Amino acid sequence: MNNSQIIHGVLSTSRYLPRLRLERSSIFAEHRWMAQGLKSLAKGRRTVANWDEDSVTMAVEAARALLANFSGARPVELTLASTTLPFVERINAGIVASALGFGNELAVRDVTSSARAAFTEVVSALRHAVPEHRVILGAERRVARPASTQEMIFGDGAAGVLIGFGPAIATYVASHSVQADFVDHFRESGSDYDYGWEERWVRDEGYMKIVTGAIAKCLTSAGLAASDVAHFAMPAPLSRVNEAVAKRAGIRPEAVVPTDFESVGDLGSAQPLAMVDTALRTAAPGALILVVAFGSGCDALLLRRTEEPISERAADDGRSETSYMKYLSFTGQIALEWGMRAEIDNKTALTAAWREGAKISHFEGGCCSDCGTVQFPRSRVCVNPECRAQDTQDAKSLANVPAHVLSHTSDWLAYTPCPPFQFGHIDFEGGGRVLMEFADTDPDELQVGLPLRMVFRVKDFDSKRGFRRYFWKATPARGQ
């Protein structure tokens, strides 16, 4: 099989944004005494991860949206790109693959060190055609130093791309990559915060020279002119840089794709993939899309939109948050007194975690082959009193099964980083009743019968040993 006999390209794209949106004006209000330079950035909102979200959990949500319309696709590779991976020595992509129920027969890897790491993987995958599906995810939860410009700019989120063969929403045209140890910002190992360099120098020496050069060579290799580009997408947190690069490269001003920085923020390694998703959703069949990612060099990629329809993107049902103190608490930048109830040892038994891996990671219960009763956890004996059959349960994941609230409790005394602690019994469609913790809910939002969906989240932290446990929680199925 050769490349001329197959369709090769991006099959699906998706993005995930946390529910919380922190008002930038509320951040600025806390820092008015610091610098009026922040005032120009005190507009709009930025996405903020909840206390139980990180780059792994957000990557899971982006991948679930990505694969929703490709149930038959079994990827052979899964790559997770992030500069804020929770584990330095543990394959974070493996946690994502387990949560998605991919099994063990695939290659997983983490890539990091650059905000364009995910996009570099996309470009490489499109250049080297193989007859399998590959999932590439970018996810970021960056923490910025208080009163810095980055605190105003950084947003939390994830995005994903499915690459392979078959009906494609876009096909590969050309690409060009440049390696350059151009340091516009950096973060040393062990440090929590980025250090950024002077913006004008980054613009003039970085974007205006390195990026425009890569664009020119990418277009030349495809035998195309800059005027042929219908959509130009480039994550650039510097003001008006996209327009300046487009002008110098000869790209029409109306082709520039909005970055959404004022409503979402800069999503780091996820931003190029999120902008690919935005561009493809607005592009007409046959339109050329130029996507560029800058950072320690540059990747330029040309795609052509096909006539294949794109599934609707779920509505961003974000909730406005104005509490700067809550944000600092969620990011661990302020130590609060939680009382004696927080003084618990959350040591994880790694042996038990291995034995119960499927139950924990993919929310795997059982379904009795004799009577059809669904239960969690799975056991040797059916819980149906009229059945009680032994060794008849087939594995059944509840991760993607709709549910509704049967009962709920809001506990203001139990410890949780975001009081109150909310839990209750939920009933799944088709059977199954489980006592679950709720996530992303307001105290007065829960009610009997409320539709729910499952989300993969951090269950708790072992601060003594630097470990975190993951499990599934129930959240209102807003807009679904």
Side-chain angles (χ1 to χ4, degrees), residues 19 50-53 56-57 60-61 64 68 95-96 98-101 344 346 348-349 352-411 414-443 445-461 468-478 480:
R19 186 183 176 213
N50 212 330
W51 72 267
D52 57 356
E53 292 184 287
V56 165
T57 66
V60 170
E61 288 303 305
R64 293 174 73 190
I95 307 173
V96 176
S98 296
L100 297 172
I344 55 178
N346 288 324
T348 299
W354 169 250
R355 288 193 296 267
E356 304 293 338
K359 179 178 76 174
I360 296 171
S361 62
H362 195 44
F363 205 178
E364 188 175 284
C367 179
C368 180
S369 58
D370 282 0
C371 68
T373 298
V374 177
Q375 64 184 74
F376 181 89
R378 184 182 178 187
S379 66
R380 291 190 61 191
V381 180
C382 177
V383 297
N384 185 348
E386 298 179 1
C387 178
R388 305 299 289 175
Q390 295 188 24
D391 300 323
T392 59
Q393 292 189 22
D394 299 321
K396 178 180 176 61
S397 173
L398 299 175
N400 296 311
V401 180
H404 66 268
V405 175
L406 179 66
S407 65
H408 60 91
T409 299
S410 295
D411 190 340
Y415 166 71
T416 177
C418 186
F421 179 67
Q422 296 181 293
F423 62 96
H425 284 95
I426 68 173
D427 277 349
F428 287 89
E429 289 186 8
R433 179 173 296 173
V434 183
L435 180 66
M436 296 282 292
E437 182 180 347
F438 296 109
D440 296 341
T441 57
D442 297 321
E445 185 176 9
L446 293 176
Q447 57 183 335
V448 174
L450 179 71
L452 303 169
R453 68 182 184 91
M454 302 303 109
V455 290
F456 190 69
R457 294 295 177 89
V458 175
K459 177 65 176 176
D460 53 43
F461 297 94
R468 61 186 66 192
R469 291 194 300 153
Y470 297 92
F471 191 55
W472 295 82
K473 299 180 184 179
T475 193
R478 303 176 182 89
Q480 297 187 13

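This one's a predicted model, so the numbers in the text were calculated from it and none came from an experiment.
Every residue two or more places apart in sequence or in another chain was checked for a side-chain hydrogen bond (donor to acceptor under 3.5 Å, both in side chains) with T475, and none qualifies. E61 meets the salt bridge (Lys or Arg N to Asp or Glu O under 4.0 Å) test with R64, R453; sequence neighbours excluded. Listed by chain and residue number, E364 satisfy the side-chain contact (heavy atoms from CB on, under 4.5 Å) test with A358 (two or more places apart in sequence, or in another chain). Here R388 pairs with nothing under the side-chain hydrogen bond (donor to acceptor under 3.5 Å, both in side chains) rule; sequence neighbours left out. Under the rule for a side-chain hydrogen bond (donor to acceptor under 3.5 Å, both in side chains), the partners of D442 that lie at least two apart in sequence or sit in another chain are R319. Residues satisfying the side-chain contact (heavy atoms from CB on, under 4.5 Å) test with E356, not counting sequence neighbours, are K359, I360. With sequence neighbours left out, S407 forms a side-chain contact (heavy atoms from CB on, under 4.5 Å) with H425. A search for ring pair (Phe, Tyr, Trp, His ring centres under 6.0 Å) contacts involving Y470 returns F456, not counting sequence neighbours. R433 meets the salt bridge (Lys or Arg N to Asp or Glu O under 4.0 Å) test with D427; sequence neighbours excluded. Residues satisfying the side-chain contact (heavy atoms from CB on, under 4.5 Å) criterion with K396, sequence neighbours excluded, are C367, V374, L398. Residues forming a side-chain hydrogen bond (donor to acceptor under 3.5 Å, both in side chains) with H362 (at least two apart in sequence, or on another chain): S397.
Using a 4.5 Å cut-off on side-chain heavy atoms (C-beta onward), C371 and E386 make no contact. Side-chain contact between F363 and M436 is present, with heavy atoms from C-beta onward closer than 4.5 Å.
For the side chain to side chain donor-acceptor pair (under 3.5 Å) with T441, the qualifying choice from R19, Q422, H408, K473 is Q422, the only one to do so.
Closest heavy-atom contact between N50 and D440: ND2-OD1, 2.7 Å. Contact record, P476 with E445: CG-OE2, 3.6 Å, taken as the closest heavy-atom pair. Of all heavy-atom pairs spanning L452 and A474, the tightest one is CD1-CB, 4.1 Å. The two residues D370 and T392 make their nearest non-hydrogen contact at OD2-CG2, 3.7 Å. A pairwise comparison of heavy atoms in A414 and D411 identifies N-OD1, 3.1 Å as the closest pair.
Distance CH2/W51 to CG/D460: 7.0 Å, rounded to 0.5 Å. Remark: T57 OG1 to R457 CZ distance equals 6.0 Å, nearest 0.5 Å. Going from atom CG of D52 over to atom OG1 of T416 covers 8.0 Å, rounded to the nearest 0.5 Å. One finds the CZ atom of F461 at 11.5 Å from the OG1 atom of T348 (value rounded to the nearest 0.5 Å).
The list of side-chain hydrogen bond (donor to acceptor under 3.5 Å, both in side chains) pairs with a residue in residues 372-382, not counting sequence neighbours, reads T373-N384, Q375-S379, Q375-Q393, R380-D391.
No side-chain donor-acceptor contact under 3.5 Å links W472 to the backbone of E437.
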